[in-house]
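Below is one structure, written out as structure tokens; the observations come after it.
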2 protein chains.
Amino acid sequence: MPLTGHPIVTRLTRSMKLNAADLKSLAAIFERDLTFRKREELVVHGSEFRNLCFVKDGYAIRYRLLRSGKRQILKLIMPGDVIGFPVSFFDRSSYAVVATSELTYAVCPFDSYIRLCYEQPQFGLVLSWLAAQEAATYAEHIVNLGRRTPIERLAHLLLEIHARLLEVGRAGETSFELPFSQEVMADALGLSVPHLNRVIQRLRAEQLITSNARFIDLTDLTSLQRLAQYEPMALVPIPVLKPGQ
Amino acid sequence: MPLTGHPIVTRLTRSMKLNAADLKSLAAIFERDLTFRKREELVVHGSEFRNLCFVKDGYAIRYRLLRSGKRQILKLIMPGDVIGFPVSFFDRSSYAVVATSELTYAVCPFDSYIRLCYEQPQFGLVLSWLAAQEAATYAEHIVNLGRRTPIERLAHLLLEIHARLLEVGRAGETSFELPFSQEVMADALGLSVPHLNRVIQRLRAEQLITSNARFIDLTDLTSLQRLAQYEPMALVPIPVLKPGQ
DNA sequence: GCTGTTCATTGATCTGGATTAATAATCCTG
DNA sequence: CAGGATTATTAATCCAGATCAATGAACAGC
């Protein structure tokens, strides 16, 4: 299973200093690619799930549905993300994942990955590193929901989406195709759809963005960052030692 | 640095199946205990931080302060928790940590831990496992803030605190000393202090809890769990293989 | 190209929770 | 044990954002 051009490789090589040999070991335990249609469920709430799935292309959302019918989106899933962490560490999944566009991922059984960690310890750290990024994204989400105003939340979300798309070559300097609907963004930001819509219009009116339904330009990036109090993440590459060192 | 009686050991042996030899390796890289007074800053926002600090006793909060003066608490830190993950993976800390009671932790330099991971790969997985728990707690926090009502949020928070205290032997079957002030809980739940106070009284009035300023009894645990739609976490122990297997 | 479905937009109403402020209880510390 | 500093409680006002409802635009499948 070749990994060439895979967005997760872009992330791992840039930030984790994995070399060609590492990537070969990783490629060896990938089983196959799977493709899903829009709206297909990738992970069912309450089910067991023991795979690491590296998204090659397409978009999805990880969410929790409450009895009241309200939905909270935990994470927007994009190319280069891993589905199946941290759920593989748990008995059953406490959330669901559904594709919001056609989506392809490469499957790697969790057990194979664990075995690889024992052979080549750097992969245990790769997992921790991915987890650290995940935790940092979650932390921002918490700040967003708890203490930012709706306009700040939206600004922050747009900056986050842009940064993550940029990392895997899916965005321009300031612009990108909006991969998520307003309903999805509203459920990520804890807002109602009509209110989110008004907030979008407010950002447009204040000339911070230019957008239509499917395309967005962060016209005034600096002001957006100030408004959202956005701090880009700066991960430190883990020193990859080899057994002898 | 002996680890006997350390609450983190309770967690690791119960869930990660670490054996005596593993614990000895871990103990070997611990440097010393440090004790802090209430209100002392443990991690400064924007600073570098390259230590894993295992909390032996006492309480703290991880939080972000916004320009507006609003504070969002990201995590309530209790005995058995690790301060310094995931911040050690980052260039600088994007949050602050401050003790809310006298607190003691054992320090382990991040570099030593990384080195240990290369000698004994199971420790890389220990870190991933801790990260998975952290991520799951964050995820619940997101659902809380985004889509639960204030009374549901509080019920969920109390259940979470209780479960975490129980895990390290700091709580009874349904009751515990409340280690955090209402101001802290309000800033965790994204509510104002007066409003949180009213919500507490509502839980009392509905006979779900009995409490005063420093002690709380979850009188009607079942109803609380239903109200909060609380699902306890069920982590799967990682299979600890040894190099030969 | 037509049609049903999904998604975006707009308007009117109403309430939950913020805000502000003042007081009471409690905890420390000298 | 007295006095100051926290922390908890209560009350009054007000507005942001939910809710409900309806229309318009865009799109996918036939």
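Labels below follow one simple rule: chain letters A, B, ... track the order of the sequence lines, proteins then strands, and each chain is numbered from 1.
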Among D:dA11, D:dC27, C:dT10, the one nearest any side-chain atom of A:Asn197 is C:dT10
Is the closest basic N to carboxylate O distance between B:Glu152 and B:Arg147 below 4.0 Å?
no
Taken to the nearest whole Å, CZ/A:Arg202 to P/C:dA8 is 20 Å
message = D:dT7, OP1 or OP2 - any side-chain N/O from B:Lys38 closer than 4.0 Å?
response = yes
Here the distance between atom P of D:dA18 and atom CZ of B:Arg148, to the nearest Å, is 18 Å
Checking B:Phe36, B:Phe180, B:Tyr105, B:Phe176 against B:Tyr59 for ring pair (Phe, Tyr, Trp, His ring centres under 6.0 Å), the one that qualifies is B:Phe180
5'-most contact on DNA chain D (nearest-nucleotide basis), B:Arg147 vs B:Ser181, goes to B:Ser181
- Message: If you go through the side-chain atoms of A:Arg198, does one of them form a donor-acceptor pair with the base of D:dA16 closer than 3.5 Å?
- Response: no
- prompt: Which part of the nucleic acid, if any, lies within contact of A:Leu191, taking any heavy atom under 4.0 Å across all strands shown: a base, the sugar-phosphate backbone alone, or nothing?
  reply: sugar-phosphate
Whichever of B:Leu196 and A:Val193 has the more 5' nearest nucleotide on DNA chain C, that residue is A:Val193
* To do: Determine: side-chain N/O of A:Gln182 to OP1/OP2 of C:dT9, distance under 4.0 Å, yes or no.
  => yes
query: OP1 or OP2 of C:dA8 sitting under 4.0 Å from any side-chain N/O of A:Gln201?
result: no
Open item on the list: So B:Arg204, base contact, sugar-phosphate only, or nothing? Heavy-atom distance under 4.0 Å.
Closed with: sugar-phosphate
